[in-house]
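Structure record follows, encoded as structure tokens.
Letters A, B, ... are given to chains in the order of the sequence lines, protein chains preceding strands, and every chain is numbered from 1.
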2 protein chains.
Amino acid sequence: MGFLRNAPRLDTLIERLESADGLDDLQGLIEELRDEYGVDHIIYHWVNGAGEQYGCGTYDLEWVNRYIEKGYLRIDPVIQGCYQRFHPVNWKRLDWSSKSARAFLEDAIAHGIGNQGYSIPIRGPNGQFALFTLSHNGNDDDWEQFTTENRRDLILMAHYFNSRALEFEPGRAPDPAQSLSPREVEAMTLLAIGYNRAQAADTLSISEHTLRVYVESARHKLGALNTTHAVARALSRGVIVI
Amino acid sequence: MGFLRNAPRLDTLIERLESADGLDDLQGLIEELRDEYGVDHIIYHWVNGAGEQYGCGTYDLEWVNRYIEKGYLRIDPVIQGCYQRFHPVNWKRLDWSSKSARAFLEDAIAHGIGNQGYSIPIRGPNGQFALFTLSHNGNDDDWEQFTTENRRDLILMAHYFNSRALEFEPGRAPDPAQSLSPREVEAMTLLAIGYNRAQAADTLSISEHTLRVYVESARHKLGALNTTHAVARALSRGVIVI
DNA sequence: AGCGCCCTCGCTATTTCTGGGGAGGGAAAT
DNA sequence: ATTTCCCTCCCCAGAAATAGCGAGGGCGCT
């Protein structure tokens, strides 16, 4: 365990971030950042739609693989909690009451993850969701003080970091071929709020068949296997909002 | 037109933000902020999926009403551009090439909106999308310099501002939320990634009937009208993650 | 011991969705 | 001016989801 330090050179770091030229540079930067802050781990974790994940950070590869294999994404209270939050959160304030959450925590600590943590949720276009997390072994008071004092820097860092990561991420080309037409968005939205096809068609004052055409078209654009899948993808990509 | 000034007391403002006690306080704060920066307008603009909008800021009420009535939300290049962006953007860098965009710009300037602007997209939980915008009348170089020098403060301000606005927004109450059982979560997740009932049942190694029971149970707990609705709700409540 | 919830399984009937096939008019972009 | 979307409409047959009715064993809490 290291010693927590405040305020590394935010300017220099953002400068280096802006001149970074690939994901490898980001990995290097994150390690540097960890050393400057004196925390045990810093992780940038991109939580992608279909369960694909990308991250860089200082966790052991073993833990990262375990996390993916065990499907911890689905029970990790950090993910669950940050998904509902806007502001950064101290791990201590999350809900660890469920059995699976406690088991996860135990496993995480056994793999060298700190007992303290601070996670910043970040949201980007097309439903992107990412986390910028600092983790550490230490007592509650020190951690509380550290995160409070550095909150703003960390928010900015998370912001700039994500900004760069977005640029490097492949497949982020805003495909015009995949963007839904206004009518398609309306149709999908109505289905997402529980209307069946007849009701949705009625609401839009079009025939049920026409509505079906929109849904089918949207489904193909979204690469979805069925209507439910299409609605799920549209939601998680931020194409529709309910 | 005022004189651009840098760096008002960010600390004091964030402090006042944190002690704000309603939307009226936010409106007051935003006016204060405008005076401190010496810009013509500052606007916080919450853009909801269903077309509902909330905002506070220093635009004329006349312009705000005109904006809503004319449906400018759908053609405003600031909205369009920021929706696809993560980083704040200078209005000059947006796409003003379409005919409707130029007409909108003309109308906006005629209503006292500045020829310069800087907008910060903000995204929150459940697909929330908001803009924090500064607008001004002035020349390109001054504006460029002003926004560059204050970028970080503005990002933080937008962040904290939205954080408070989220709290004041009604209908954000976390309902008693009957929580889904583990099997129900698994079932809903599989449906959300495109499996049909048979495939999902097979994946979970249970009979299709049992899977149906889970889905029905989850549907009732979520107060959903059908499976698609249930998946949508589970997603937007963060009960499942895909 | 009883209550409630979770997990598992079966049956039938009705309604709804899915996946093909078409067709025409309009607006915008090349 | 041609192409390329977008919007709108129609038919059909098979697949899937929905809505009821059941059943029994297990686990935790009071």
Side-chain angles (χ1 to χ4, degrees), chain A residues 75 97-100 102 174-234 239, chain B residues 74-75 77 80 95-103 176-232 234 239:
Chain A
I75 58 172
S97 61
S98 87
K99 194 183 290 182
S100 58
R102 282 195 303 269
D175 246 315
Q178 283 192 336
S179 73
L180 302 191
S181 77
R183 284 306 237 186
E184 285 162 356
V185 171
E186 288 182 279
M188 297 304 286
T189 302
L190 291 173
L191 294 185
I193 61 175
Y195 288 29
N196 63 28
R197 300 207 292 210
Q199 292 171 317
D202 204 47
T203 303
L204 297 178
S205 303
I206 54 176
S207 76
E208 185 174 337
H209 175 85
T210 302
L211 185 110
R212 265 175 53 200
V213 174
Y214 296 150
V215 175
E216 285 295 287
S217 173
R219 193 162 63 80
H220 285 124
K221 285 179 180 176
L222 293 163
L225 299 165
N226 52 46
T227 302
T228 298
H229 192 199
V231 167
R233 288 204 156 178
V239 175
Chain B
R74 309 210 175 280
I75 59 171
Q80 310 275 325
D95 176 17
W96 297 92
S97 61
S98 88
K99 196 182 290 182
S100 57
R102 281 195 303 271
Q178 295 218 53
S179 66
L180 301 191
S181 76
R183 285 305 238 185
E184 285 163 356
V185 171
E186 288 182 281
M188 297 304 288
T189 303
L190 290 173
L191 294 185
I193 61 174
Y195 287 29
N196 63 28
R197 286 181 181 174
Q199 294 171 316
D202 205 46
T203 304
L204 297 178
S205 303
I206 54 176
S207 77
E208 185 173 338
H209 176 85
T210 301
L211 185 112
R212 265 173 51 199
V213 173
Y214 296 151
V215 175
E216 285 295 286
S217 173
R219 191 160 65 83
H220 286 124
K221 285 180 180 175
L222 293 164
L225 298 166
N226 53 46
T227 301
T228 299
H229 192 197
V231 166
V239 175

Tell me the interatomic distance from [X], atom [atom1], to [N], atom [atom2], rounded to whole angstroms.
{"X": "B/Glu216", "N": "D/dA17", "atom1": "CD", "atom2": "C1'", "answer": "9 Å"}
{"X": "A/His220", "N": "D/dC6", "atom1": "NE2", "atom2": "C1'", "answer": "17 Å"}
{"X": "A/Tyr195", "N": "D/dA17", "atom1": "OH", "atom2": "P", "answer": "24 Å"}
{"X": "A/Leu211", "N": "D/dC9", "atom1": "CG", "atom2": "P", "answer": "10 Å"}
{"X": "B/Arg219", "N": "D/dG20", "atom1": "CZ", "atom2": "C1'", "answer": "12 Å"}
{"X": "B/His209", "N": "D/dG22", "atom1": "NE2", "atom2": "P", "answer": "13 Å"}

Of the listed nucleotides ([options]), which one gets closest to any side-chain atom of [X]?
{"X": "A/Arg183", "options": "D/dC7, D/dC9, D/dA17", "answer": "D/dC7"}
{"X": "B/Asn226", "options": "C/dC9, D/dT18, D/dA19", "answer": "D/dT18"}
{"X": "B/Val213", "options": "D/dT8, C/dC9, C/dC6", "answer": "C/dC9"}

[N], OP1 or OP2 - any side-chain N/O from [X] closer than 4.0 Å?
{"X": "B/Ser181", "N": "C/dC7", "value": "yes"}
{"X": "B/Thr227", "N": "D/dT18", "value": "yes"}
{"X": "A/Ser207", "N": "D/dC9", "value": "yes"}
{"X": "A/Lys221", "N": "D/dC5", "value": "no"}

Check nucleotides 12-16 of chain C against the protein and report each pair of N or O atoms closer than 3.5 Å, with its distance, or say if there are none.
none

- prompt: When you measure from the side chain of A/Arg183 to the backbone N and O of A/Tyr214, does any donor-acceptor pair fall under 3.5 Å?
  reply: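 No; zero donor-acceptor contacts below 3.5 Å.
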query: For the side chain of B/Glu216 and the backbone of B/Val213, is there at least one donor-acceptor N/O pair under 3.5 Å apart?
result: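 Side chain of B/Glu216 to backbone of B/Val213: no pair is present.
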message: Using a 4.0 Å heavy-atom cut-off, does B/Thr210 contact any base of the nucleic acid, only the sugar-phosphate backbone, or nothing at all?
response: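 Base, at least one base atom sits under 4.0 Å.
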